Structure formats: C-alpha cells, structure tokens
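First up is the structure itself, then whatever we jot down about it.
For clarity, every value in this text was computed on a predicted model and none was experimentally measured.
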Amino acid sequence: MAQPRSTPARIAPLDALRGLAIGMVVVSHVAGPHLPGIGIDLGNNGLGTAGVLLFFLLSGYLIQGNLERQPLAVFLSRRLFKILPAYWLNVLAILAFDALGVGGERFAMTSYVASALMVTDLLGIDAVSGVYWTLLIEVKFYLFIALYHRAFGDRGMGWVVLGLIALNGLSWGLRGHGSALIVFFPAFYVGVAVHRAERAGWTGRALAPVLGVVAALTASLTLFADPHFAGAGLLLLLDTALFVGALRLGVSSRALEFLGRTSYSTYLFHPLVVVALHGTFGRGETLLADLPRMAAALVLSVGVGAVLHRVVEEPAVRWGKNLESWRMRRSAASAA
C-alpha cells in the first residue's frame, strides 16, 4: 500500500472562506423571509445559493490537492470518516424530532433509510433534511473525481465540464427541466482549476482554464438552473473573484476560521435548531420582532456545530487515520 504524503497545514483563507459560506447559508435559513425586504438577497434564496456555490468551489480546490497527495483508498477512507459519523447522527436526531412531534413534517421510514444511505436522489424519495441535497452532490463528486483521477490524471477537465453542461441541456430539451446534480457538478471544477492555477504560479496560461470553466458554468447556471437558484450565474462570478482574491492576498479572520472549521456540523444541525426555536417561540412578523429568535438560532447553531465538531467529527477523523496506520503496519508485516 502506498504511503500518503504528509498533510499540509490548514490554509487560513480557506477556513475563513468556509466560515463565510456557512454564515451565508445559516443566515439565509434563519432570516430568509426578511432578507428581500432589506435588500440583501439576490433572486430567490440568493444568499444561501452564494454560500453553497462557495462551498463547492472550496471542495473542488481541496479535493484536487488531496488526490495529488493521497492514494485512492486513503482519500476515500478519509472522506467517509469525515462525512458519515456526523451525518448519521443528524439522521438519528431528525428521527428523534419526528418521534417527539417537533416540527411540522413527518417522514416515512423509507425516507430515513434512503437518507442514511445517501440514495434519496437516485430513488426519487424525499430526504429527511432540506440541506442533504448538497451533500449528495458532494459525495458523488468525490467518487467521480477520485475514479477519474485514478484513470486519467489531470487530463480532460474541460471536456468533462462541457460534457456535463451538454448533458444538462439535453435534460432540459427532453424533460423540460434540469438536474441539480448536473447543474452544480461543474462548480467543483472551478475549484480544481483554481488549485492548478495556484500551483502553476498564477500565470496567464494557468488562469485560462479558470476563466473558461467559469464562463461555461455561468452560462449553464443562467440557462439551466431551477428558478429557485435565480441569479446563480452572477453569484458564481462573485464567489470566484472572492475565492481567488482571498487566496492571493492571504485574507483571513480568526472568527471566520473558527466558523469554517466547525462548518460541517453547523450545516447539518442548524435546521434542527431553527425548527426547535420556531416551534417554541414562533416567528416574528417583522425583522425587528424576529431578532431575538434569529439571534438565538445563530448562536445556538454555531454552538451546536462547535460541540459536535469536537466530540464527533474530530474523533471520527482520528479513528480513520488510526485505521490507516493499522492497515499500513499489517501490510508491512505481511510483506516482511
């Protein structure tokens, strides 16, 4: 078994950008009905869409770097130990809320099983959380790019992006609507292209693929995105400029870095916080009347995310790395 190269230190601007992304998503869910009235939303749920797109860009950048350093088995193992423990805990927490009658929506057990297996989109079954759709896209990207990288290395990225966009156009032509998976899948390749441009020293030749992928995806999002994601093309341009600028200038913030490090659990569990507070206190008709509930939801979401990052995510990642070490020792002993 090939030994993984050492993992580089966390890049502060990336954690800060992830913190900004989770902030946009959580604020859009906590304060969503009030945002258009104060003029800070773009289109339908634009703030949340901007956060999701930024997450996808960051994932593409980071996954490209991981694939260059890690063997396929190590890459997949680390992704699974990072994602699944907190995700499965979230499914169980939603089931507990359902059993206690907290929140308005009830789900069949088939939805819980399909959600736990991350196959709701493949089976056409409702997921038990509205935030799972992005994770389903992420997991499929991890599998696809890992296998593609194993087979073809860094070749053919542009053709993959163009193929996905063409496939989505075909879907619109045949069915009258696109697929969230195919619409947003190319966004990861913006991050991949940015990683390669940075590695090449930000030369004009290295930046050309970034511009090409962004231009193609902007057109695709403008033409084929669901009305729920209106304005996504413009948001992609803004996110990409922010992403590249933060990397090149080294812009960061300790508060945003903290939010970024704990963003996964915050993303998973903030809807439960919102549901619990809404069920307990209701929602204010005006922004001012709703401020106490929104402030409590934001603070509790960040707090719950931080605690679960510490007690669930970090131990799970350590267990995964310990398993890698055990496998390498066993492989070395067998070869001796």
Hphob cluster co-occupancy, Tyr112 + Leu92, side-chain heavy atoms under 4.5 angstrom: no
Is Asp239 close to Val190 at the side-chain level, that is, under 4.5 Å between some pair of heavy atoms? no
Restricting to non-hydrogen atoms, name the atom on Ala216 and the atom on Ile165 that form the minimum distance, rounded to 0.1 Å. O-CD1, 3.5 Å
Looking only at heavy atoms, which two atoms of Arg310 and Pro315 are closest? And how far apart? O-CD, 3.2 Å
Show the numbers, then the answer: is there a side chain to side chain contact (heavy atoms under 4.5 Å, CB included) between Leu256 and Asp15? CA-CA 7 Å; Leu256 287 178; Asp15 278 336; over 6 Å; no
Please step through side chain to side chain contact (heavy atoms under 4.5 Å, CB included) for the pair Thr120 and Asp126, ending with a clear verdict. CA-CA 6 Å; Thr120 52; Asp126 288 336; over 6 Å; no
Pair Phe144 + Phe185: ring centers closer than 6.0 Å: yes
How about Arg248 and Glu198: do any of their side-chain heavy atoms sit closer than 4.5 Å? no
Answer whether the closest heavy-atom distance between the side chains of Val251 and Pro13 falls below 4.5 Å. no
Asp121 side chain to Leu136 backbone, donor-acceptor under 3.5 Å: no
Heavy-atom pair with the smallest gap, counting every atom of His195 and Gly65: NE2-CA, 3.4 Å
When you compare the side chain of Ile63 with that of Phe188, does any pair of heavy atoms fall below 4.5 Å? no
Between OG of Ser129 and NE2 of His270, what distance do you get to the nearest 0.5 Å? 8.0 Å
Shortest non-hydrogen pair, Gly19 vs Ile22, comes out as O-CG2, 3.1 Å
Pair Tyr267-Thr134, side-chain donor/acceptor within less than 3.5 Å: yes
Within a reach of under 6.0 Å around CH2 of Trp88, are more than 12 heavy atoms found that belong to other residues, nucleotides or ligands? no
For residues Phe56 and Phe141, establish whether the separation of their ring centroids is below 6.0 Å. no
Are the side chains of Glu138 and Tyr142 in touch, meaning some heavy atoms are under 4.5 Å apart? yes
Sub-4.5 Å side-chain heavy-atom contact between Leu247 and Leu14: yes
Side chains of Val299 and Val302: does their closest heavy-atom pair fall under 4.5 Å? no
Would you say the ring centers of Tyr61 and Phe243 fall short of 6.0 Å from each other? yes
ring-ring contact (aromatic ring centres under 6.0 Å, His included) for Tyr87 and Tyr264? Distances and angles first, verdict last. CA-CA 9 Å; Tyr87 177 82; Tyr264 180 54; 8.0 Å; no
The reported gap from CG in Leu237 to CG in Leu221 (rounded to nearest 0.5 angstrom) is 9.5 Å
Side chain to side chain donor-acceptor pair (under 3.5 Å) for Ser265 and Glu313? Distances and angles first, verdict last. CA-CA 8 Å; Ser265 285; Glu313 289 184 61; 2.6 Å; yes
Checking side chain to side chain contact (heavy atoms under 4.5 Å, CB included) for the pair Leu147/Leu72: CA distance, chi angles, key distance, verdict? CA-CA 8 Å; Leu147 296 175; Leu72 179 61; 4.3 Å; yes
Value for CD (Gln64) from OH (Tyr189), rounded to nearest 0.5 Å, stands at 9.0 Å
Report yes or no: do Leu268 and Phe81 belong to one cluster of Ile/Leu/Val/Met/Phe/Trp/Tyr joined by side chain heavy-atom distances under 4.5 Å? no
Backbone N/O of Arg261 and side chain of His309: donor-acceptor pair under 3.5 Å: yes
Is it the case that the side chain of Ser115 and the backbone of Ser111 share a donor-acceptor pair, with hydrogens and angles ignored and the cut-off at 3.5 Å? yes
Counting only N and O atoms by type, is there a donor-acceptor contact under 3.5 Å from the side chain of Ser171 to the main-chain atoms of Leu167? no
When you check the side-chain N and O atoms of Tyr132 and Asn90, is any donor under 3.5 Å from an acceptor? yes
Atom CG in Leu298, atom CZ in Arg293: separation rounded to 0.5 Å? 9.0 Å
Could you walk me through whether Met118 and Ile83 pass the side chain to side chain contact (heavy atoms under 4.5 Å, CB included) check? CA-CA 11 Å; Met118 291 187 157; Ile83 293 170; 3.8 Å; yes
Pair Arg18 + Glu257, salt bridge at N-O below 4.0 Å: no
Please give me the minimum heavy-atom distance between Gly305 and Thr266, naming the atom from each residue. CA-OG1, 3.4 Å
CG (Leu20) and OG (Ser263) are apart, to the nearest 0.5 Å, by 11.5 Å
Say whether Leu211 and Val213 are linked into one hydrophobic cluster, either directly or through other cluster members, by side-chain heavy-atom distances under 4.5 angstrom. no
Using 4.0 Å as the upper bound for N to carboxylate O, is an ion pair formed by Arg199 and Asp154? yes
If hydrophobic clusters are built from ILVMFWY residues whose side chains come within less than 4.5 Å, do Leu62 and Val317 share one? no
Separation between CG (Leu54) and OG1 (Thr240), nearest 0.5 Å, reads 9.0 Å
Are the side chains of Trp202 and Val194 in contact, using a 4.5 Å heavy-atom criterion? yes
Path from Phe269 to Leu100 over hydrophobic side-chain contacts below 4.5 Å: yes
Which atoms form the tightest heavy-atom contact between Ala246 and Leu17, and what is the distance? CB-CD1, 3.9 Å
What about the rings of Trp159 and Phe152, do their centers lie closer together than 6.0 Å? no
